[in-house]
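First comes the structure, then the notes that go with it.
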Amino acid sequence: MFNTFCCIFLILSLTSGTVIRDFQVAQPPVVPVYAKYCTVEVFSHDFANSFVAGPAITQLSPPEDCGPVGSWAAITLNLTVTTNGTQFDRLGIFTFHNVEIWRTSTFEPTIGDGIVWTYIKDVTQYMPLFTESGEFLLELDNLIETGLDGIYSTTVAATYFESSAEYPPAEKADIIIPISTLSNTTADDASVPPAFSLNITVPNNTVAVYAEIFASGNGLEEDWFFNVPDEFFSNISPNITSPHDGFREVRLLIDGLVAGVAFPYITVFSGGFIPSFWRPIGSYGIAELPTYFVDVTPFVPLLTGNSPHNFTLDVVSAEATHTINPNWYVSGILQVILDTSFEPTIGNMTVHSASNYADTSITGSVEDFGQFNATVTATRNIHIEADILSGSGQLTHVIWTQDLQFSNIQTYRNNGLLATLKQTSTGNSSSTHNGVAVLSDVFSYPFSTNFDYLDETLSNWTSSIDHSYDRILLPNPLRIASTINNHQTTDGFFQLGSEKIGNFGNGTNNNTFSYSDVKGNTYTRSVNAINSNFNDTIAIPFDKIGGNLAH
Ligand SMILES: *[C@@H]1O[C@H](CO)[C@@H](O)[C@H](O)[C@H]1NC(C)=O
Ligand SMILES: *[C@@H]1O[C@H](CO)[C@@H](O)[C@H](O)[C@H]1NC(C)=O
Ligand SMILES: *[C@@H]1O[C@H](CO)[C@@H](O)[C@H](O)[C@H]1NC(C)=O
Ligand SMILES: *[C@@H]1O[C@H](CO)[C@@H](O)[C@H](O)[C@H]1NC(C)=O
Ligand SMILES: *[C@@H]1O[C@H](CO)[C@@H](O)[C@H](O)[C@H]1NC(C)=O
Ligand SMILES: *[C@@H]1O[C@H](CO)[C@@H](O)[C@H](O)[C@H]1NC(C)=O
Ligand SMILES: *[C@@H]1O[C@H](CO)[C@@H](O)[C@H](O)[C@H]1NC(C)=O
Ligand SMILES: *[C@@H]1O[C@H](CO)[C@@H](O)[C@H](O)[C@H]1NC(C)=O
Ligand SMILES: *[C@@H]1O[C@H](CO)[C@@H](O)[C@H](O)[C@H]1NC(C)=O
Ligand SMILES: *[C@@H]1O[C@H](CO)[C@@H](O)[C@H](O)[C@H]1NC(C)=O
Ligand SMILES: *[C@@H]1O[C@H](CO)[C@@H](O)[C@H](O)[C@H]1NC(C)=O
Ligand SMILES: *[C@@H]1O[C@H](CO)[C@@H](O)[C@H](O)[C@H]1NC(C)=O
């Protein structure tokens with residue numbers, strides 16, 4: 001089956017009473033097509049002054065009418081938000097049973113009748129959480145004040161797909177353990193710096209542990225890739241950028257030993273660079289921020305002695321001090337597989353070759369104040385091996401490796417007003433258990449941009465971005481391998497306005513996406529947008545959707 005919807009030409013006038021439908025390009029979750037399912041509303045909530053009012057919190061219980069609890073073929077969440085007015089982009093964090101399960105961000109509203117967006121998130125991999133009643137929370141901190149009146153009216157629904165012979169129950173971990181603050185009143189992400197540590201005790205019959213890490217830059221770290229190395233920072237106005245260089249490594253340590261790392265993808269939020277780039281096509285990752293995967297199984301022999309161990313998440317730069325600015329929000333999930341024997345797992349970590357920090361270098365040349373080049377490079381090699389003997393006698397040889405490369409080349413000209421950045425981040429992480437691949441992550445996240453302030457007022461600028469997300473990912477053996485290629489190019493102009501006349505901007509956004517997985521599911525979309533609020537129009541000259549998931 002191959003569906004193509006081609007070449008819609010659409011022009012929406014923002015003043016004509018139209019609610020603009022924003023979206024991030026992504027594949028629809030792979031779920032049973034002709035199966036029974038149960039949809040339950042989780043909550044409906046207006047995020048108004050939620051910095052003060054706090055998150056939406058509800059008790060979520062498993063449905064009883066879609067087959068035995070925990071035997072579902074898939075579970076999805078539907079987040080639908082409408083907003084009308086003026087508002088900044090905001091971060092949204094979902095936690096369930098104190099485990100972060102989804103990090104999202106909002107679109108910025110336009111004038112007229114506002115915007116709506118829906119994103120369907122596959123949460124099948126968190127099924128152990130959905131089999132028990134527990135606290136379900138969305139923290140989406142928002143501010144309502146003079147000039148900011150956009151309320152995020154939010155509906156969240158969960159859909160459970162009944163399993164059948166054709167659609168068997170999804171594979172699931174035996175238990176899920178959070179690396180989180182365990183707060184019941186806020187989202188459970190930790191703010192770093194400083195490094196976040198938590199004592200975790202795993203069952204003594206644990207035989208495998210797969211970590212997933214959430215991490216995003218905020219505040220002075222939102223544009224971390226544009227931060228200037230400390231040794232060059234005196235050559236630019238602090239009004240333009242921040243110190244501590246453009247390299248970031250997210251680290252997971254266990255009892256002070258590096259277990260695995262991530263070179264993060266750049267998620268550009270909807271107020272980023274030029275807000276009019278992101279109407280109606282969001283930047284890739286905005287609705288579902290990418291996460292990172294580490295096979296923690298080589299540490300199992302150290303963890304199964306019935307005692308707590310120190311799990312640490314932090315984010316470091318290439319500076320000698322590894323310092324970053326405030327702040328990053330981090331959390332983690334451990335998917336734990338147990339032996340059927342109830343006897344303790346034993347074994348030995350036989351190789352641990354992972355330095356505390358990546359190998360980094362900072363170079364550059366200064367011609368004058370506001371006129372310099374700076375380059376940061378990093379490489380990372382991790383190699384950890386272990387022999388693991390389960391209580392039931394299964395011997396497993398585990399090899400976990402990471403081989404990552406990074407470079408961030410910044411040039412500043414014209415008194416710092418003209419910046420260019422060319423960043424590449426590539427890598428190959430791999431884990432085998434007795435020679436069988438259980439985790440594999442081959443990625444490339446190139447990002448290049450020009451950012452050109454038109455004068456010293458810093459009140460108008462032009463910019464362009466060329467950004468890709470190319471990833472072949474098998475996150476852990478509970479899921480399947482997929483390949484995603486997304487390429488986005490944007491350019492535009494922005495003028496900060498007075499309160500009376502508001503901001504003006506325009507932008508084009510061209511987005512090409514493809515998804516495929518080892519089960520033969522495919523999805524492609526090519527969509528271009530031209531957005532201008534000089535004459536209040538959004539045009540979609542081109543939108544082509546294909547692949548067998550395009551139903
Ligand atoms: C998601 O929820 C919205 C709001 O309830 C609804 O209109 C929409 O049909 C839902 N989408 C899917 C795919 O379930
Ligand atoms: C959006 O807000 C404007 C200005 O307050 C108002 O005129 C309009 O009716 C609102 N639209 C919707 C769909 O609520
Ligand atoms: C959160 O709630 C759980 C279950 O009610 C409770 O066991 C735990 O102590 C609470 N955590 C905090 C930090 O209050
Ligand atoms: C972790 O547990 C150890 C004892 O096993 C204790 O000394 C330490 O203070 C605990 N750390 C935290 C962060 O709770
Ligand atoms: C393993 O853990 C179980 C459950 O906590 C406990 O009953 C048992 O005594 C432990 N076995 C050993 C050898 O520590
Ligand atoms: C930074 O901005 C402030 C306030 O707008 C201004 O007073 C100051 O001169 C600027 N600094 C530089 C180095 O441009
Ligand atoms: C946990 O490990 C981190 C990183 O090595 C360290 O900074 C911290 O002091 C440790 N915490 C405890 C309680 O041992
Ligand atoms: C761990 O090392 C000890 C000491 O060398 C050895 O006796 C034991 O067999 C090893 N265990 C495994 C599972 O390889
Ligand atoms: C700085 O970078 C620009 C753009 O890549 C290049 O043309 C120029 O030669 C570089 N200057 C120095 C001094 O390295
Ligand atoms: C940029 O903004 C400044 C201050 O508002 C204004 O004087 C200038 O004309 C603008 N430049 C362009 C090209 O719009
Ligand atoms: C987007 O695609 C159009 C049509 O192919 C092209 O004219 C335009 O230059 C592209 N814009 C960007 C920013 O790549
Ligand atoms: C955006 O506006 C600027 C300034 O008016 C103009 O030079 C540029 O051509 C416009 N670009 C697009 C894509 O509309």
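The basis for the numbers below is simple: all heavy atoms, side chains too, and nothing from hydrogens, waters or symmetry mates. Counting starts at 1 for both ligands and their atoms, in listed order.
Within 4.0 Å of ligand 5, protein heavy atoms come from Asn204, Asn306, Pro344.
Within the 4.5 Å cutoff, side-chain heavy atoms of Gln423 are placed close to those of Phe406.
If you number the atoms of ligand 7 from 1 as listed, the ones under 4.0 Å from a heavy atom of Asn310 come out as 1 (C), 2 (O), 3 (C), 8 (C), 10 (C), 11 (N), 12 (C), 14 (O). Numbered from 1 in the order shown, with element, the atoms of ligand 11 that lie under 4.0 Å from a heavy atom of Thr489 read 12 (C), 13 (C), 14 (O). Each of the atoms 1 (C), 2 (O), 3 (C), 4 (C) of ligand 7 lies under 4.0 Å from some heavy atom of Thr312. Near Thr508, the atoms of ligand 11 lying under 4.0 angstrom from a non-hydrogen atom of the residue are 11 (N), 13 (C).
When the shell of 6.0 Å around CZ of Phe88 is examined, it contains 12 or fewer heavy atoms from other residues, nucleotides or ligands.
Tyr357 meets the ring-ring contact (aromatic ring centres under 6.0 Å, His included) test with His322; sequence neighbours excluded. When the salt bridge (charged side-chain N to carboxylate O under 4.0 Å, His left out) test is applied to Arg279, no partner is found at least two apart in sequence or on another chain. Checked against side chain to side chain donor-acceptor pair (under 3.5 Å), His352 has no partners two or more places apart in sequence or in another chain.
Cation-pi check for Arg471 over Tyr265 is not met; the charged atom does not lie both under 6.0 angstrom from the ring centroid and within 45 degrees of its normal.
Between atom CG of residue Asp470 and atom NE2 of residue His487 there is a gap of 8.5 Å, rounded to the nearest 0.5 Å.
For ligand 11, one of its N or O atoms has an N or O atom of Asn510 under 3.5 Å away.
Partner Leu334 forms a side chain to side chain contact (heavy atoms under 4.5 Å, CB included) with one of Ile176, Ile179, Leu303, Thr206 and no other, that one being Ile179.
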Using the ring pair (Phe, Tyr, Trp, His ring centres under 6.0 Å) rule, take Phe494 and Phe273 through it: C-alpha gap first, then chi angles, then the decisive distance, then the call. CA-CA 9 Å; Phe494 203 72; Phe273 288 78; over 10 Å; no
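Taking 4.0 Å as the cut-off, Ser197 counts as a neighbour of ligand 7 on heavy-atom distance.
Within the 4.0 Å heavy-atom criterion, neither part of Asn509 lies near ligand 11.
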